[in-house]
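In what follows, a structure is listed as structure tokens, so that the remarks can point back to it.
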Amino acid sequence: MGTILSCLRSTYTSVFSFFGTGQQDDVDLPKATHSVDSKIHGEPPFEIAIIGAGIGGLTFAIGCLKNNVSFVLYEAAPKFSLVGAGVGFGPNALRAMDMIDPKLRTMYGDISSGNVTPNKLHVAMDALYTEEGFGTRRGWVPAPFGAECYERTSAHRWDLLNILTSMIPRDRVRFNKRVKAMEQAEDGVTITFEDGEVAQASAVVGTDGVKGPVRSYVLAERYPSEVAATYSGKYAYRATIPMDDALKILGSHAGDAKCFIGHNVNFMTYPISKGTQLNLVACKFSEDPWTYDQWTKTVTREEMVADFSDTVDRRLVKLLEWADPVQWALHHHMNTPTYCNNRICLLGDSAHATTPHQASGAGQCMEDALILSHLLGNVENERELPLAFQVYDVIRRPRAQRVVKTSQETGQIYSFTHPELREDMAKIVENLNKRFLWIWEHDLKGDLDRADHMFRKLASQT
């Protein structure tokens, strides 16, 4: 194993320096040995074990189906877990869906919701104060932020997972499979599950979330301090409110997506389920560390209300009547030095868990799935799998980690704690109208072209 990892480190350094500098001559590229293309004969040249059936794992599986990549999807739960609340996607994520499979994009369009006001198609949210009156007492008028490239779209996570699971053959999925151990060899990965079953795979893609075990098999040996996610300094309460009730409480503020900003507090509301429900995320920011073993903490309803009652409009506080009094600690992976270790690779939240402030976490899962499934579709034999993972790392990691970093900064903006913008709402809205563009307008086709070029260069050196 030590020899394998030593070779991998050398290979990975060459890959990253080569493609990071843009130089394409006089570089000692790693070598890959081609075999007869078994795809021509209808036999899969390798099989991928996908660990985890969340948004990232399911979307990646759909990408593998489209690229004729053989896989088995292992899920720890006894069935697909169709739980959760609202999820939003920017134009980059919608493009990724379409590029993975146009059917997926069409099906998402059937379940998604936008703003109800006709002239707010391109508005991500309206910015208001959380204070009593939402800022009207100081003369503030709700100010929109968004972009021409953006179309407001969000959905209930239940509905999204339903369409994702509908596209995956059940014979490709194994339930009640919780990873106990994994071991790499030159020809693949051995996976031992807690129920005693042992499975073999050519490679593993960990899509098992922020607390999943696969991350440790990528990072523990070289970067042990980066395995665990870190507390981001805030927790959230979540709720879905029937739109009829939300309209009675918020009036016209209920129909369209809203961002309520206050001192160390932030309320996000937006329609889901074709406008029949209002999704609520209420964040409390604090400098105190999270000292509990679990990432959720049940409190009394009085304690939940007390987190907001002194500084928040009573209408927002009333929405909490639909929330369970559970604090969800928000953790993230601010630094991930690599997304791969030879034949084990990370995708989605297992690689780059982020805070929700830019509504980009699920979208980054989509981008991961697009790039990695496309690359694996180009692999002709299992010896090329580490090369594909390394190219994926070069393409995806800088962008995804920047999303993690800027999302934390956006949280500062939403809580009046940004060191430059502080409480200046006019400057905050001006910033919000610009800061998402690099995420939304990203050239995914260019990423695929770069990935193809990198992989061909590496695989052609014999």
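- Sequence neighbours left out, the pairs with a member in residues 163-176 that pass salt bridge (charged side-chain N to carboxylate O under 4.0 Å, His left out) are R174-E197.
- For T230, the side-chain contact (heavy atoms from CB on, under 4.5 Å) test picks out H332, with sequence neighbours left out.
- Listed by chain and residue number, W440 satisfy the ring pair (Phe, Tyr, Trp, His ring centres under 6.0 Å) test with F436 (two or more places apart in sequence, or in another chain).
- Distance check: I51 CD1 to C345 SG gives 12.5 Å after rounding to the nearest 0.5 Å.
- By the side-chain contact (heavy atoms from CB on, under 4.5 Å) test, R435 pairs with Q358, T406, E409, T410, I413, N431, L432, sequence neighbours left out.
- Within the structure, the ring-ring contact (aromatic ring centres under 6.0 Å, His included) test picks out the following pairs touching residues 343-376 (sequence neighbours left out): F285-H357, Y339-H352.
- Remark: A155 engages Y108, I111 in a side-chain contact (heavy atoms from CB on, under 4.5 Å) (not counting sequence neighbours).
- Scored by the ring pair (Phe, Tyr, Trp, His ring centres under 6.0 Å) test, F260 finds F134 as partners (sequence neighbours excluded).
- Summarising the geometry of V72 relative to E47, their closest heavy-atom pair is CG2-OE1, 3.6 Å, with the distance given to 0.1 Å.
- With sequence neighbours excluded, the residues satisfying salt bridge (Lys or Arg N to Asp or Glu O under 4.0 Å) with D449 are K445.
- Applying the ring-ring contact (aromatic ring centres under 6.0 Å, His included) rule to pairs touching residues 168-219 yields Y74-F193, F80-F175, sequence neighbours excluded.
- Between Q364 and the choices D349, V403, L347, the side chain to side chain contact (heavy atoms under 4.5 Å, CB included) rule is met once, by V403.
- To the nearest 0.5 Å, the span separating OG1 on T336 from CD on E226 amounts to 7.0 Å.
- Residues L161 and L164 meet the side-chain proximity criterion, which asks for heavy atoms closer than 4.5 Å.
- The closest side-chain heavy-atom distance from V123 to D126 is below 4.5 Å.
- In this structure, N433 contributes its side chain and V429 its backbone to a donor-acceptor pair below 3.5 Å.
- W295 CH2: more than 12 foreign heavy atoms inside a 6.0 Å radius.
- For the atom pair I191 CD1 and E183 CD, the distance stands at 12.0 Å (nearest 0.5 Å).
- For T298, the side-chain contact (heavy atoms from CB on, under 4.5 Å) partners at least two apart in sequence or on another chain are V326.
- The side-chain heavy atoms of T338 and Y223, taken from C-beta on, include a pair separated by under 4.5 Å.
- E367 is linked by a salt bridge (Lys or Arg N to Asp or Glu O under 4.0 Å) to R396, R399, counting only residues two or more places apart in sequence or in another chain.
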Next item on the list: Would you check, one step at a time, whether the test side-chain contact (heavy atoms from CB on, under 4.5 Å) holds for Y150 with L437?
Entry: CA-CA 9 Å; Y150 177 91; L437 294 178; over 6 Å; no
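- By the salt bridge (Lys or Arg N to Asp or Glu O under 4.0 Å) test, D293 pairs with no residue at all, sequence neighbours left out.
- Within the 4.5 Å cutoff, the side chain of L376 has heavy atoms near those of the F389 side chain.
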